[in-house]
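Below, each value reflects all heavy atoms present in this structure, side chains not excepted, and no hydrogens, waters or symmetry copies.
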Amino acid sequence: MKLYIIGIGGVTNSGKTTLTNKLIKTLPNSCVVHQDDFFKKPDEIEVGEDGFRQWDVITAMDMEAMLYTVKGWIENPVKFARSHGVPLSSASDVANADEQTHILIVEGFLLFNYLPLQHVFDRSYFITIPYEECKRRRSTRQYTVPDPPGLFDGHVWPMYLKHRSEMESSGLKIQCLDGLKSKEEIYNQVYEDIQNNLLNRL
């Protein structure tokens, strides 16, 4: 059994989840872990010096639980897939069931800023969009906890710039994607890259 882990990061509203959902539908034996599923409860989120609840920092999420989930997949991807209702290719689809590749896509805005996760990825992508487009997209989204006035300029964007700088200085091999391209273009670029990388591993 071969394991392959893909990391899809990027600024808020850049298209991470859209790309992930398209890949999940076309990559066989693939599961997904969304970083957003590990946000702590609102009353556990601290208020920072900027006056805003610190949603856009790594401590806003239970990263230990996320790491535990990823490790659970690594230990037994078949069991993980079945417990999440993910259909698997039948053994007859390949010459040997042990030769099947199982894929995990890990998606989130701070994937590459958490040290214990940094080196699990076989392929890493980061979607970027400019400030104005990001702010426009963010303003059209409906969140469970609505953005208070000034949050984007006072917290979201400054934290993005800070974390991106940290990511870029980490030395990780991350492929940046232009989030202004069409969803189809981004998907095709990533899908082709993954397929080529998988073939090179055979």
* To do: List the steps and the verdict of side-chain contact (heavy atoms from CB on, under 4.5 Å) for F112 and I174.
  => CA-CA 9 Å; F112 309 121; I174 300 169; 3.8 Å; yes
* Would you sort out whether D153 and K135 count as a side-chain contact (heavy atoms from CB on, under 4.5 Å), showing the intermediate values? => CA-CA 9 Å; D153 287 313; K135 188 173 184 177; 2.7 Å; yes
* Check step by step if side-chain contact (heavy atoms from CB on, under 4.5 Å) holds for N188 and K22. => CA-CA 10 Å; N188 288 336; K22 287 177 75 70; over 6 Å; no
* To do: Using the side-chain contact (heavy atoms from CB on, under 4.5 Å) rule, take I74 and F80 through it: C-alpha gap first, then chi angles, then the decisive distance, then the call.
  => CA-CA 9 Å; I74 292 171; F80 186 99; over 6 Å; no
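In this structure, V106 and I5 approach most closely via the heavy-atom pair CG2-CG2, 4.0 Å. Looking at every heavy atom in both residues, P28 comes nearest to T26 through CD-O, 3.5 Å. The two residues T17 and E107 make their nearest non-hydrogen contact at OG1-OE2, 3.3 Å. Scanning all heavy atoms of the two residues, the minimum distance from R53 to I45 falls at NH1-O, 2.7 Å. Closest approach of W157 to P130, counting heavy atoms only: CH2-C, 3.9 Å. The minimum heavy-atom distance linking V120 with P116 is given by the pair CG1-O, 4.1 Å.
Environment of NZ in K40: crowded, with over 12 heavy atoms of neighbouring residues, nucleotides or ligands closer than 6.0 Å. Around the CD atom of E166, the shell of radius 6.0 Å holds more than 12 heavy atoms that belong to other residues, nucleotides or ligands.
D147 has no carboxylate O lying under 4.0 Å from a charged side-chain N of R141, or vice versa, which leaves the two without a salt bridge. Salt-bridge check for E133 with R136: passed, with a basic side-chain N closer than 4.0 Å to an acidic carboxylate O.
Of the inter-residue distances, the one linking E49 atom CD with H155 atom NE2 reads 12.5 Å to the nearest 0.5 angstrom. For the atom pair CG (N113) and CZ (R164), the distance works out to 11.5 Å, reported to the nearest 0.5 Å. Here the straight-line distance linking atom CZ of R82 with atom CG of L88 works out to 6.0 Å at 0.5 Å rounding. Q35 CD to D37 CG: the interatomic distance, rounded to the nearest 0.5 Å, is 10.0 Å. The CE atom of M61 lies 13.0 Å from the CD atom of E44; values are rounded to the nearest 0.5 Å. Here the CG-CD1 distance, from L104 to I24, works out to 8.0 Å after rounding to the nearest 0.5 Å.
Residues L172 and S124 are not in side-chain contact: their nearest non-hydrogen atoms beyond the backbone lie 4.5 Å or more apart. Side chains of E64 and Y114 form a contact here, defined as non-hydrogen atoms less than 4.5 Å apart. R123 has its side chain within reach of D193: a pair of non-hydrogen atoms, C-beta onward, lies under 4.5 Å apart. At least one side-chain heavy atom of N197 sits under 4.5 Å from a side-chain heavy atom of R201. Looking at heavy atoms from C-beta onward, L110 lies out of side-chain contact with M63 at the 4.5 angstrom threshold. H84 has its side chain out of reach of C31: every pair of non-hydrogen atoms, C-beta onward, lies at least 4.5 Å apart. Between L177 and L19 there is a side-chain heavy-atom pair separated by less than 4.5 Å. At least one side-chain heavy atom of Y4 sits less than 4.5 Å from a side-chain heavy atom of L198.
No path of Ile, Leu, Val, Met, Phe, Trp and Tyr side chains, each step under 4.5 Å between heavy atoms, connects V86 with I6, placing them in separate hydrophobic clusters.
Between Y131 and F152, the ring planes are tilted. Angles from 30° to 60° get that label. Ring-plane geometry between F126 and Y160 is classed as parallel, the angle between the planes falling under 30 degrees on a 0 to 90 degree scale with a further cut at 60.
Taking Ile, Leu, Val, Met, Phe, Trp and Tyr as hydrophobic and joining them when side-chain heavy atoms fall under 4.5 Å apart, one finds M159 in a cluster with V57.
Side-chain N/O atoms of Y191 and Q195 include a donor and acceptor closer than 3.5 Å.
Between the side chain of N200 and the main chain of N196, a donor-acceptor pair closer than 3.5 Å is present. Under a 3.5 Å cut-off, the side chain of T69 and the backbone N or O of A65 do form a donor-acceptor pair. Without hydrogens or angle criteria, Q54 side chain to F52 main chain gives a donor-acceptor distance under 3.5 Å.
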